[in-house]
A.B. asks: 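Quick one: structure below, then a few questions.
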Amino acid sequence: MKKYPLILDCDPGVDDVFAILLAHSTPEIDLKVICSVSGNAGIEKTTYNAQLIAGLLGAKTIIAEGASRPLIKEAPPIGTVHGTDGLGGYAKGFGEDRLAPISSMKALDVYRKILLESEEPVYIAAVGPLTNLAILFLAYPEVKSKIAAVSIMGGGIRRGNITPYSEYNFYKDPEAADIVMKSGVKLLLCGLDVTQKATLSEKEMKSLKESQNEFSDFSVKILSSYIAKDAAIHDPCAILALTNPEKFIYEDQYVEIDTREGITRGMSYVDNRKNQEKKPNCRVFYDMDLDFFRKSMLDALEHEASKKPDENKSPNDQ
Ligand code: RIB
Ligand code: CA
């Protein structure tokens with residue numbers, strides 16, 4: 001039995017690719033399903049991209065299509081650093097011949113099935129807008145008792161990236177973030193405070209360029225356009241916060257979400273007034289060991305590069 005049975009909820013998304021890579025290559029993780037959500041691109045594209053990445057990696061997992069739009073209100077139009085296809089323009093040209101299979105069930109019901117049938121509590125890493133999780137908690141609150149923890153890439157206490165106060169995932173669906181923040185489930189919040197630090201140095205990029213395998217070629221290409229606009233590889237932090245919390249600095253705090261429109265849409269803020277009665281509702285991550293982050297990424301990429309060429313063929317190819 002692996003230590004971390006995991007559901008990965010994402011909106012691939014260039015940095016989501018490296019969360020999928022880590023979830024796939026970490027021996028202690030049993031990647032049960034990848035659920036897509038609309039975010040960095042529309043649901044058709046993020047679902048296809050999840051199938052493509054899992055297929056490229058030869059990940060023995062399924063893809064389940066999630067929510068196609070935010071819970072209540074669409075976000076005002078905002079640019080994307082991920083390209084119109086969600087992968088910097090490289091969603092075509094790699095791995096179309098071996099897409100990972102897609103479930104006949106939607107993400108909501110795959111979540112419910114996995115959680116209710118699991119003999120042990122399940123971990124969730126959510127690295128896109130939290131729409132799927134909010135719907136799950138509203139529709140099937142009974143599944144909360146089967147969740148070990150939800151590790152979220154989202155929010156930011158000291159900064160935003162879409163506005164000075166709001167981070168992309170929470171800006172896209174503030175009501176979903178609010179529902180999850182109030183869910184009572186154990187939450188790890190890897191916001192911009194820590195993920196802005198998650199960059200690759202020349203050393204990692206050089207190793208990537210020298211790896212000469214399909215996934216590293218794909219990684220170099222999707223990073224080439226992304227890094228110039230957003231140097232941080234945000235999403236893998238949510239995986240590492242689960243498996244290696246000792247490499248991070250964090251504090252248990254009471255966090256609220258602003259669901260009003262305007263410059264604070266989706267803002268996540270801490271209420272740490274002395275006399276406030278509210279107990280902490282999440283573990284907020286503020287810093288991490290950058291060398292550890294970079295080594296984790298390099299190890300995962302080198303693990304991928306070390307595979308024999310046909311190791312990543314999908315089952316129906318073998
Ligand atoms: O703000 C960064 C987050 O928004 C990351 O998850 C990125 O993939 C985008 O979804
Ligand atoms: Ca993402």
Side-chain angles (χ1 to χ4, degrees), residues 7-23 34-43 45-50 52-54 63 66-70 75 77-88 90-91 107 124-133 150-174 176-177 180 188-200 219 222-223 225-242 257 265-268 284-285 288 293 297:
I7 296 174
L8 177 57
D9 194 300
C10 56
D11 61 333
V14 171
D15 59 326
D16 302 70
V17 169
F18 300 95
I20 296 172
L21 168 69
L22 262 191
I34 299 173
C35 295
S36 62
V37 66
S38 169
N40 287 321
I43 191 63
K45 290 178 179 170
T46 58
T47 305
Y48 174 83
N49 293 345
L52 180 79
I53 298 148
I63 311 301
S68 58
R69 48 148 298 159
I78 41 180
T80 173
V81 297
H82 300 268
T84 50
D85 66 358
L87 293 176
Y90 294 100
I124 297 170
V127 297
L130 298 178
T131 318
N132 290 335
L133 275 183
V150 180
S151 188
I152 298 164
M153 191 284 131
I157 305 304
R158 298 173 181 152
R159 56 175 301 148
N161 56 5
I162 296 301
T163 80
Y165 309 101
S166 307
E167 177 278 328
Y168 183 88
N169 289 333
F170 286 12
Y171 183 84
K172 288 289 273 190
D173 196 338
V180 172
L188 310 180
L189 185 65
C190 298
L192 296 173
D193 311 292
V194 64
T195 68
Q196 280 298 353
K197 191 170 182 179
T199 58
L200 299 179
S219 299
I222 64 173
L223 283 171
S225 60
Y226 174 84
I227 278 187
K229 301 167 201 154
D230 180 351
I233 318 290
H234 304 275
D235 293 341
C237 295
I239 305 292
L240 295 173
L242 271 182
I257 305 297
R265 174 187 161 110
M267 176 173 81
S268 51
V284 183
F285 286 67
M288 73 174 162
F293 171 81
M297 297 310 299

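The shown structure was predicted, so the numbers you read here are calculated from the model rather than taken from an experiment. Counting starts at 1 for both ligands and their atoms, following the listed order.
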A.B. asks: Which of the atoms in ligand 1, numbered in the order shown and given with their element, are less than 4.0 Å from a heavy-atom of D16?
C.D. replies: 8 (O)
A.B. asks: Locate the shortest heavy-atom distance separating P129 from S38; write the atom from each residue and the value.
C.D. replies: CG-O, 3.5 Å
A.B. asks: Say you draw a straight line from CG of L130 to CD1 of I152; how long is it, rounded to the nearest 0.5 Å?
C.D. replies: 5.0 Å
A.B. asks: Quick one: CD1 on I157 to OG on S268, what's the gap to the nearest 0.5 Å?
C.D. replies: 4.0 Å
A.B. asks: Taking the minimum heavy-atom distance to atom 10 (O) of ligand 1, which of N169, N161, V17 ranks first?
C.D. replies: N169
A.B. asks: Quick one: which of V127, L223, I53 gives a side chain to side chain contact (heavy atoms under 4.5 Å, CB included) with F18?
C.D. replies: L223
A.B. asks: Could you see which bit of T195 sits under 4.0 Å from ligand 1, with heavy atoms only: side chain, backbone, both or neither?
C.D. replies: neither
A.B. asks: Which atoms from ligand 1 have a heavy atom of M153 less than 4.0 Å away?
C.D. replies: 2 (C), 3 (C), 5 (C), 6 (O)
A.B. asks: Which residue and atom name correspond to the protein heavy atom nearest atom 1 (O) of ligand 1, and how close is it?
C.D. replies: E167 OE2, 2.6 Å
A.B. asks: Treating D85 as the side-chain partner and Y90 as the backbone partner, does any N or O pair qualify as donor plus acceptor under 3.5 Å?
C.D. replies: yes
A.B. asks: What pair of heavy atoms forms the shortest contact from A241 to F285, and how long is it?
C.D. replies: CB-CE2, 3.7 Å
A.B. asks: Could you tell me whether L192 and ligand 1 have an N or O pair separated by under 3.5 Å?
C.D. replies: no
A.B. asks: Tell me whether S166 contacts the main-chain N or O of I162 through its side chain, where contact means a donor paired with an acceptor under 3.5 Å.
C.D. replies: no
A.B. asks: Yes or no: does K172 have any heavy atom under 4.0 Å from an atom of ligand 1?
C.D. replies: no
A.B. asks: Mark up the atoms of ligand 1 that fall under 4.0 Å of a heavy atom belonging to H234, in ascending order.
C.D. replies: 2 (C)
A.B. asks: Under 4.0 Å, heavy atoms only, figure out whether ligand 1 is touched by the backbone of V14, its side chain, both or neither.
C.D. replies: neither
A.B. asks: Check whether the side chains of N40 and D16 place a donor and an acceptor atom closer than 3.5 Å, and report yes or no.
C.D. replies: yes
A.B. asks: Tell me, which protein residue and heavy-atom name are nearest atom 9 (C) of ligand 1, and how many Å apart are they?
C.D. replies: N40 OD1, 3.2 Å
A.B. asks: What atoms of ligand 1 come within less than 4.0 Å of a heavy atom belonging to H82?
C.D. replies: 7 (C), 8 (O)
A.B. asks: Between D230 and ligand 1, which part of the residue brings a heavy atom under 4.0 Å of the ligand: side chain, backbone, both or neither?
C.D. replies: neither
A.B. asks: Counting backbone and side chain alike, does G39 bring an N/O/S atom below 3.0 Å of the Ca ion (ligand 2)?
C.D. replies: no
A.B. asks: Among protein heavy atoms, which sits nearest to atom 8 (O) of ligand 1, and what does the distance come to when rounded to 0.1 Å?
C.D. replies: D15 OD1, 2.6 Å
A.B. asks: If you look at D11, which of its N/O/S atoms is nearest to the Ca ion (ligand 2)?
C.D. replies: OD1
A.B. asks: Give, for atom CG of D15 and atom OG1 of T195, the distance between the pair rounded to the nearest 0.5 Å.
C.D. replies: 8.5 Å
A.B. asks: Donor-acceptor pair, S151 side chain versus A238 backbone, under 3.5 Å?
C.D. replies: yes
A.B. asks: Which angle, to the nearest 10 degrees, do you find at the Ca ion (ligand 2) between OD2 in D235 and OD2 in D16?
C.D. replies: 70°
A.B. asks: Report the nearest protein non-hydrogen atom to atom 6 (O) of ligand 1: residue, atom name, distance rounded to 0.1 Å.
C.D. replies: D235 OD1, 2.6 Å
A.B. asks: Donor-acceptor check, side chain of N132 to backbone of S36, threshold 3.5 angstrom: yes or no?
C.D. replies: yes
